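Just so it is clear, the model here is predicted, and its values are computed rather than measured.
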Amino acid sequence: MYYIGVDLGTSAVKLLLMDSTGRIENITSKEYPLSFPHPGWSEQKPEDWWTQVQSGIRELTEGYDRSQVAGISFGGQMHGLVILDKQDNVIRPAILWNDGRTQKETDYLNQEIGKEKLSKYTANIAFAGFTAPKLLWVKANEPENFEKIEKIMLPKDYIAYKLSGVHCTDYSDASGMLLLDVQHKCWSKEMMEICSITEEQLPKLFESYETVGTLKADVAEALGLPASCKVAAGAGDNAAAAVGTGTVGDGKCNISLGTSGTIFISSKEFGVDKYNALHSFDHADGRYHLMGCMLSAASCNKWWMDEIIGTKDYADEQKKISKLGENNVFFLPYLMGERSPHNNPNARGTFIGMTMDTTRADMTQAVLEGVAFAIRDSFEVAKSLGVKIDRTNICGGGAKSPLWKKIVANVLNIKVDVIESEEGPALGGAMLAAVANGEFASVEEAAAKIVKIVDTIEPTPELAAKYEEKYWKFAKIYPTVKDLYKEIQ
């Protein structure tokens, strides 16, 4: 049997075909446009996702026995607001996770409703990227669209809906909406009232590895797949990546260097950071996790290389970096504002420390180090909660860089394990589909049998000590400049 994992990302959808033993048979990717209608806004057309998913599935399965495709599941960009009318038409472009337009609504939730109440209702406070503030924004700024809403869903759930006809979501992705009672795994009545929506408008809740339905007959025919092919609920991209890297069970850690950057800590027990600097979410393995999310990670390096330096040869630029731990240039990687731990959509990318002898390599190094330092910000919060982490898995596009992995290992001063497959969310999605079909008894069993560590980067005492000193200098910069960000908007 074959299983398809769909990783619905911000710039492209990646599709992966896995056999019943966990071997990756094929991978393909399809890009779609990203729109920035105003500074700090970020939108996409769900119809583009669906077009490219269909095209990608056909391409992915070309040359394979399509009758053997038993299941499809997902990892998907979280928090995006997708709204449909009574005719199942998309009402407006999806407002994405990295959209910062909802500062007014976020302030209302955190300050007038109150962080304490929000944390009680949902185990989290409001962040500009979350879904609930987006609903309030639509209500205030596009009331005619708000009145049309028949169905509310997240990005990957739109694809599940198009495939199966079932209005569904999973607990891990729903955790990032600020509408779910994370601890009790049900929609929060208080949050629905605050957002003026009903439970009928919200999707049915499933565990990530549960079957929501099978392919609609017309979709199965169009894709050449069997109508018996199961559609499993899937997970938010970070939870799916955690599955794909074996970060399941208790006390495991994964760092993702994708468009966004995350530090993900799995737990068997529910817990909340009292300052709400970290997110407390449900996990795709049926349990819980803590997560710190920065809005710009590998995208910072892409911006620096593509837009500023003007090169696609990332590896060559990194070869010029020779003095790790000795750079006096710092970079704050807040190109789209920042979430964890600062919760400030007004924050912006900032270089500081340049002199007349600063080189291009110093600037490139500062970008890589700035992302690692920002991940450590969340790592420090986890440590303050008594969480002990001595090693982490790593995934995402940035994890393909040996230099970046070395920097992360030494900035955090922990071992960094490299997984045989760095496909993260796509592999996690395929694994969830396999669990839904009974190939494995649990997500943990699937991870134990499929995920393999092929390399470990260990920190060195001398370099870790240098980065320890540099990190605490970095940590002073944001508090010093944060009041300027609002003034320069």
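- Heavy atoms only, all atoms of each residue included: S296 and V371 are closest at O-CG2, 4.4 Å.
- Ring pair W41/W137 is perpendicular by interplanar angle, where above 60° counts as perpendicular and below 30° as parallel.
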- Message: Determine whether R360 and E317 satisfy the following criterion, salt bridge (charged side-chain N to carboxylate O under 4.0 Å, His left out), listing intermediate values before the conclusion.
- Response: CA-CA 9 Å; R360 173 165 157 165; E317 291 297 323; 2.6 Å; yes
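- Counting heavy atoms from C-beta on, the side chains of R23 and M18 never come closer than 4.5 Å.
- Ion pairing between K120 and E116 fails under the 4.0 Å rule for side-chain N and carboxylate O.
- Closest heavy-atom contact between A233 and S73: C-OG, 3.9 Å.
- Taking CE from M291 and OG from S340, the interatomic distance works out to 7.0 Å, rounded to the nearest 0.5 Å.
- Proximity of L180 to S188: side-chain heavy atoms (C-beta onward) are nowhere separated by under 4.5 Å.
- Contact detail for L324 and Q365: the closest heavy-atom pair is CA-NE2, 3.7 Å.
- Salt bridge present: E380 and R376 bring a charged side-chain N and a carboxylate O closer than 4.0 Å.
- For the residue pair N346 / Y334, no side-chain donor-acceptor distance below 3.5 Å is found, with atom types taken as modelled.
- Between F127 and F130, the ring-plane angle classifies as tilted under the 30° and 60° cut-offs.
- Checking side-chain atoms of Y121 against main-chain N and O of L179 turns up no donor-acceptor pair under 3.5 Å.
- Taken from CD1 in I457 to CD1 in I394, the straight-line distance is 7.0 Å, to the nearest 0.5 Å.
- Looking only at distances, a side-chain donor or acceptor of H79 sits under 3.5 Å from a matching main-chain atom of G176.
- At a cut-off of 3.5 Å, with distance as the only test, a side-chain donor of S401 or Q318 sits close to an acceptor on the other residue.
- There is a side-chain donor-acceptor pair under 3.5 Å between N344 and Y478.
- Considering only residues two or more places apart in sequence or on other chains, K466 meets the side chain to side chain donor-acceptor pair (under 3.5 Å) condition with E326.
- Note that SG of C253 is 5.0 Å distant from CD1 of I265, once rounded to the nearest 0.5 Å.
- The shortest distance between side-chain heavy atoms of M78 and M177 does not fall below 4.5 Å.
- Of the candidates V243, V248, L16, V443, V243 is the only one forming a side-chain contact (heavy atoms from CB on, under 4.5 Å) with M431.
- Q44 places a side-chain heavy atom less than 4.5 Å from the side chain of L96.
- When atom types are taken as modelled, the side chain of N26 and the backbone of L60 share a donor-acceptor pair closer than 3.5 angstrom.
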- Message: Show, in sequence, the C-alpha distance, side-chain angles and deciding distance for V6 and I72, and conclude whether the side-chain contact (heavy atoms from CB on, under 4.5 Å) test is met.
- Response: CA-CA 7 Å; V6 180; I72 300 175; 4.0 Å; yes
- Pair E62-R58, salt bridge (charged side-chain N to carboxylate O under 4.0 Å, His left out): steps then yes or no: CA-CA 6 Å; E62 184 70 35; R58 292 189 195 100; over 6 Å; no
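- A donor and an acceptor atom, one from each side chain of S42 and D99, are nowhere located under 3.5 Å apart.
- The backbone N or O of P37 sits nowhere less than 3.5 Å from a side-chain atom of E43 that would complete a donor-acceptor pair.
- Proximity of a side-chain donor or acceptor of D237 to a complementary backbone N or O of P425 within less than 3.5 Å is not detected.
- In this structure, W97 and S260 have side chains that are in contact, with non-hydrogen atoms separated by less than 4.5 Å.
- The backbone N or O of M305 lies less than 3.5 Å from no partner atom in the side chain of T311, so there is not a single donor-acceptor pair.
- Each side-chain hydrogen bond (donor to acceptor under 3.5 Å, both in side chains) pair with one or both residues in residues 238-247, not counting sequence neighbours, appears once here: N238-T262, T245-T247, T245-N254, T247-N393.
- Using a 30° and 60° split on the angle between ring planes, F331 and F351 fall in the tilted class, from 30° to 60°.
- Residue H283 is tested with Y171, F264, F270 for a ring pair (Phe, Tyr, Trp, His ring centres under 6.0 Å); the sole match is F264.
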- Message: Set out, in order, the CA-CA distance, both residues' side-chain angles and the distance that settles side-chain contact (heavy atoms from CB on, under 4.5 Å) for L332 and V481, then state yes or no.
- Response: CA-CA 10 Å; L332 275 59; V481 302; 4.3 Å; yes
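- In summary, the side chains of D48 and T51 do not present any donor paired with an acceptor at a separation below 3.5 Å, with no hydrogens or angles considered.
- Salt-bridge formation is not detected for the pair E468/K470: no Lys NZ or Arg NE/NH1/NH2 atom is positioned less than 4.0 Å from an Asp or Glu carboxylate oxygen.
- Between the side chains of S172 and D170, a donor-acceptor pair is found at a separation under 3.5 Å.
- In this structure, a donor-acceptor pair under 3.5 Å is present between the side chains of T355 and D357.
- Aromatic ring orientation, F373 versus Y467: perpendicular (interplanar angle above 60°, classes split at 30° and 60°).
- Between the side chains of Y314 and D306, at least one donor-acceptor pair of N or O atoms lies under 3.5 Å.
- In terms of heavy atoms, V408 sits closest to A372 at CG2-CB, 4.2 Å.
- Taking the side chain as every heavy atom from C-beta outward, I152 and L135 approach each other to under 4.5 Å.
- Proximity of a side-chain donor or acceptor of N301 to a complementary backbone N or O of L368 within less than 3.5 Å is not detected.
- Between the N410 side chain and the N413 main chain, no donor and acceptor come within less than 3.5 Å of each other.
- What you find for A12 and S29 is that their closest heavy atoms are CB-OG, 3.7 Å.
- Taking a cutoff of 4.0 Å between a charged side-chain nitrogen and a carboxylate oxygen, K30 and E59 qualify as a salt bridge.
- Here K405 contributes atom NZ and T456 contributes atom OG1; the two are 10.5 Å apart, rounded to the nearest 0.5 Å.
- With salt bridges taken as basic N to acidic carboxylate O contacts below 4.0 Å, none links R287 and E269.
- Applying the 6.0 Å contact sphere to NZ of K383 captures more than 12 heavy atoms from other residues, nucleotides or ligands.
- Contact annotation: the side chain of F74 never approaches that of D173 to less than 4.5 Å [non-hydrogen atoms, C-beta and beyond].
- Side chains of K482 and H342 form no contact here, defined as non-hydrogen atoms less than 4.5 Å apart.
- Between T106 and P133, the closest heavy-atom pair is OG1-CB, 3.9 Å.
- Under 4.0 Å is where a charged nitrogen must lie from a carboxylate oxygen, and between K415 and D390 no such pair does.
- For H279 (side chain) and L290 (main-chain N/O), no donor-acceptor pair under 3.5 Å exists by modelled atom type.
- Annotation: side chain to side chain donor-acceptor pair (under 3.5 Å) contacts of E142 (sequence neighbours excluded): R92, N145.
- Side-chain N or O atoms of E25 include none that pairs as donor or acceptor with a backbone N or O of L17 at under 3.5 Å.
- Looking at W304 and T364, their side chains do bring a donor and an acceptor atom within 3.5 Å of each other.
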- Are I91 and F146 close enough, and set up right, to give a side-chain contact (heavy atoms from CB on, under 4.5 Å), and what steps lead you there? CA-CA 9 Å; I91 294 170; F146 190 82; over 6 Å; no
